[in-house]
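These numbers come from the heavy atoms of this one structure, side chains and all, not from hydrogens, waters or symmetry mates. Keep in mind that what you see is a predicted model, and the values were worked out from it rather than measured.
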Amino acid sequence: QVQLVESGGQLVQAGGSLRLSCAASGRTFSNYAMGWFRQAPGKAREFVGRISRGGSSTYYADSVKGRFTISRDNAKNTVDLQMNSLKPEDTAVYYCAASTALGVSTFERGYDYWGRGTQVTVSS
């Protein structure tokens, strides 16, 4: 089993930047691809991006492409989400998730373990 804990969420002004971090413990971190999802009030949870096990490959939702960057440090068991040019519509609870699935999964069912989330609020 893998335990995931997100941190770094806060209130930020539109146009600003924020870096979220997810710390993993338990099984070998490098065995898992890692994803970020978000859930805005009243909306379904949606895929944000994903990084491969070794960190060489990333994939992003169109809504964040060019603004968000995912990175990971397998030595520290962490995965980060750098968010730039934030917009009010980026306001959501952000979750990291671990996946054993091969290939890119943009669906929740493709992920085996989830953190509890961290709140990001972008003011206009």
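Residues Val2, Leu4, Val12, Leu18, Leu20, Phe29, Tyr32, Met34, Trp36, Val48, Ile51, Tyr60, Val64, Phe68, Ile70, Val79, Leu81, Met83, Leu86, Tyr94, Tyr113, Val122 make up the rest of the hydrophobic cluster containing Val120, defined by ILVMFWY side-chain heavy atoms closer than 4.5 Å, directly or through other members. Leu102 belongs to no multi-residue hydrophobic cluster, having no ILVMFWY side-chain contact under 4.5 Å with any other such residue.
Lys65 is linked by a salt bridge (charged side-chain N to carboxylate O under 4.0 Å, His left out) to Asp62, counting only residues two or more places apart in sequence or in another chain. With sequence neighbours excluded, the residues that form a side-chain contact (heavy atoms from CB on, under 4.5 Å) with Ala101 are Ser99. Listed by chain and number, the residues in a salt bridge (charged side-chain N to carboxylate O under 4.0 Å, His left out) with Asp80 are Arg19 (sequence neighbours excluded). Taking Arg45 as the reference, Glu108 meet the salt bridge (charged side-chain N to carboxylate O under 4.0 Å, His left out) condition, with sequence neighbours excluded. Residues satisfying the side-chain contact (heavy atoms from CB on, under 4.5 Å) criterion with Thr121, sequence neighbours excluded, are Leu11, Thr91, Gln119. Every residue two or more places apart in sequence or in another chain that forms a salt bridge (charged side-chain N to carboxylate O under 4.0 Å, His left out) with Arg38 is listed here: Glu46, Asp90. The ring pair (Phe, Tyr, Trp, His ring centres under 6.0 Å) test applied to Tyr95 returns no partner, not counting sequence neighbours. Glu89 meets the side-chain contact (heavy atoms from CB on, under 4.5 Å) test with Lys87; sequence neighbours excluded.
Here the shortest heavy-atom pairing between Gly110 and Ser105 reads CA-OG, 3.3 Å. In plain terms, the two heavy atoms of Ser56 and Ser52 that are nearest each other are N-OG, 3.3 Å. Between Asn74 and Gly54, the shortest heavy-atom distance links the atoms ND2-CA, 4.2 Å. Shortest non-hydrogen contact noted between Ala14 and Ser124 is CB-CA, 4.3 Å. Closest non-hydrogen pair, Arg67 versus Ser85, comes out as NH1-O, 3.0 Å.
Here the straight-line distance linking atom SG of Cys22 with atom CZ of Arg72 works out to 10.0 Å at 0.5 Å rounding.
The aromatic rings of Tyr111 and Phe37 stand perpendicular to each other, their planes meeting at an angle above 60°, with 30° marking the opposite boundary.
Sorted by first then second residue, the salt bridge (Lys or Arg N to Asp or Glu O under 4.0 Å) pairs that include residues 28-37, not counting sequence neighbours, number zero. Sequence neighbours left out, the pairs with a member in residues 1-12 that pass side-chain hydrogen bond (donor to acceptor under 3.5 Å, both in side chains) are Gln3-Ser25.
Residues Arg53 and Ser30 form no side-chain contact, since every pair of their non-hydrogen atoms from C-beta on lies 4.5 Å or further apart.
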